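Reckoned from all heavy atoms, side chains included, excluding hydrogens, waters and symmetry mates. This is a predicted model, so every value here is computed, not measured. Along the sequence shown, residues carry numbers from 1.
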Amino acid sequence: MSDEAPARELKQRSSPETLRLRRVTPSFTVGDVSESLAFYRDVMGFIVDEIWEHEGRRVGAALVAGSVTLLLNEDDGKAGTDRNKGQGFRLHLSTAQDVDVLASYVRERGVELHEGPTDMPWGARAFTVIDPDGFKLTVAAER
């Protein structure tokens, strides 16, 4: 009897080769980085990895939750400061944690849930919140 692992079958790659990614790191342009930082850290539970300053002013941050990194960058105003930054965008966040407990945690910090928690047709339980700039975050766990 051999201790060697069975040989893996190699799949033929397309030509040209298709895109293969390892991770995605969303970067949100926000109206007020301090306000967004407070939302993601104090309400959602992200951990601050880095804070970026320029000329003594906070202009961005890198946040981490589990294996997910989220970047926040303060709007420089070049495209207009009144634009709706989060319109038409939703970030789906997967967790193994209890979604109802996480939703309660968010509500206890004074943030109203946009949707849920509810059982979704694809087999997950999820809730959605909207950040200060209108970005929708859906937090879901398999049932």
Side-chain angles (χ1 to χ4, degrees), residues 1-54 58-143:
M1 185 164 231
S2 171
D3 289 338
E4 292 181 32
R8 289 178 42 194
E9 183 180 328
L10 296 177
K11 293 182 180 181
Q12 186 68 20
R13 299 230 186 258
S14 313
S15 183
E17 186 174 319
T18 58
L19 179 64
R20 293 182 294 144
L21 304 173
R22 300 268 173 140
R23 80 179 50 112
V24 62
T25 304
S27 177
F28 292 170
T29 298
V30 300
D32 181 330
V33 78
S34 292
E35 179 182 21
S36 293
L37 182 61
F39 174 83
Y40 284 97
R41 181 193 56 218
D42 303 337
V43 175
M44 296 302 297
F46 280 78
I47 294 170
V48 178
D49 184 43
E50 292 182 59
I51 302 249
W52 305 310
E53 293 188 1
H54 179 70
R58 184 179 291 171
V59 295
L63 307 169
V64 177
S67 62
V68 171
T69 299
L70 174 66
L71 307 178
L72 302 174
N73 296 286
E74 192 156 287
D75 192 347
D76 62 9
K78 290 179 183 173
T81 56
D82 294 336
R83 64 190 168 112
N84 186 334
K85 293 162 188 59
Q87 185 173 3
F89 184 87
R90 181 184 302 253
L91 190 61
H92 289 267
L93 304 166
S94 261
T95 185
Q97 294 173 283
D98 185 318
V99 170
D100 291 282
V101 170
L102 293 175
S104 292
Y105 180 88
V106 169
R107 283 192 297 256
E108 287 169 7
R109 280 147 187 78
V111 173
E112 185 177 330
L113 301 181
H114 179 68
E115 300 168 337
T118 189
D119 292 333
M120 306 309 284
W122 56 87
R125 184 152 178 84
F127 70 90
T128 299
V129 294
I130 300 176
D131 88 347
D133 290 290
F135 292 102
K136 290 182 182 176
L137 307 168
T138 297
V139 179
E142 293 299 314
R143 284 190 299 234

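Side-chain contact between Asp133 and Ser36 is present, with heavy atoms from C-beta onward closer than 4.5 Å. Contact of the Asp119 side chain with the Arg125 side chain is registered, since non-hydrogen atoms from C-beta on lie closer than 4.5 Å. Contact annotation: the side chain of Ile47 never approaches that of Arg41 to less than 4.5 Å [non-hydrogen atoms, C-beta and beyond]. For the pair Leu63 and Asp49, the minimum side-chain heavy-atom distance is 4.5 Å or more. For the pair Val43 and Val129, the minimum side-chain heavy-atom distance is 4.5 Å or more. Counting only heavy atoms from C-beta outward, the side chains of Trp52 and Val33 never approach each other to under 4.5 Å. Thr69 has its side chain out of reach of Arg23: every pair of non-hydrogen atoms, C-beta onward, lies at least 4.5 Å apart.
Atoms CG and CD, on Leu71 and Glu50 in that order, are 9.0 Å from each other to the nearest 0.5 Å. How far CD1 of Ile51 is from CG of Leu37: 4.5 Å, rounded to the nearest 0.5 Å. Atom CG of Asp131 and atom NE2 of His114 lie 12.5 Å apart (nearest 0.5 Å).
Counting only residues at least two apart or on different chains, the ring pair (Phe, Tyr, Trp, His ring centres under 6.0 Å) pairs with a member in residues 15-37 are Phe28-Phe89, Phe28-Phe135.
Taking all atoms of both residues into account, the shortest heavy-atom contact from Phe127 to Gly116 is CB-C, 4.1 Å. Heavy atoms only, all atoms of each residue included: Gly134 and Ile130 are closest at CA-CG2, 3.5 Å. Listed here is the closest heavy atom pair of Val24 and Pro26: O-CD, 3.7 Å. A pairwise comparison of heavy atoms in Pro132 and Phe39 identifies CD-CG, 3.7 Å as the closest pair.
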Enumerate donor-acceptor pairs with a distance under 3.5 Å from any side-chain N or O in residues 136-143 to protein atoms, sequence neighbours excluded.
residue: Thr138; atom: OG1; partner: Arg90; partner atom: NH1; Å: 2.8
residue: Thr138; atom: OG1; partner: Thr128; partner atom: OG1; Å: 2.8
residue: Arg143; atom: NH1; partner: Met120; partner atom: O; Å: 3.4
residue: Arg143; atom: NH2; partner: Met120; partner atom: O; Å: 3.4

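Ser27 and Asn73 are linked by a side-chain donor-acceptor pair at a separation below 3.5 angstrom, with hydrogens and angles left out of the test.
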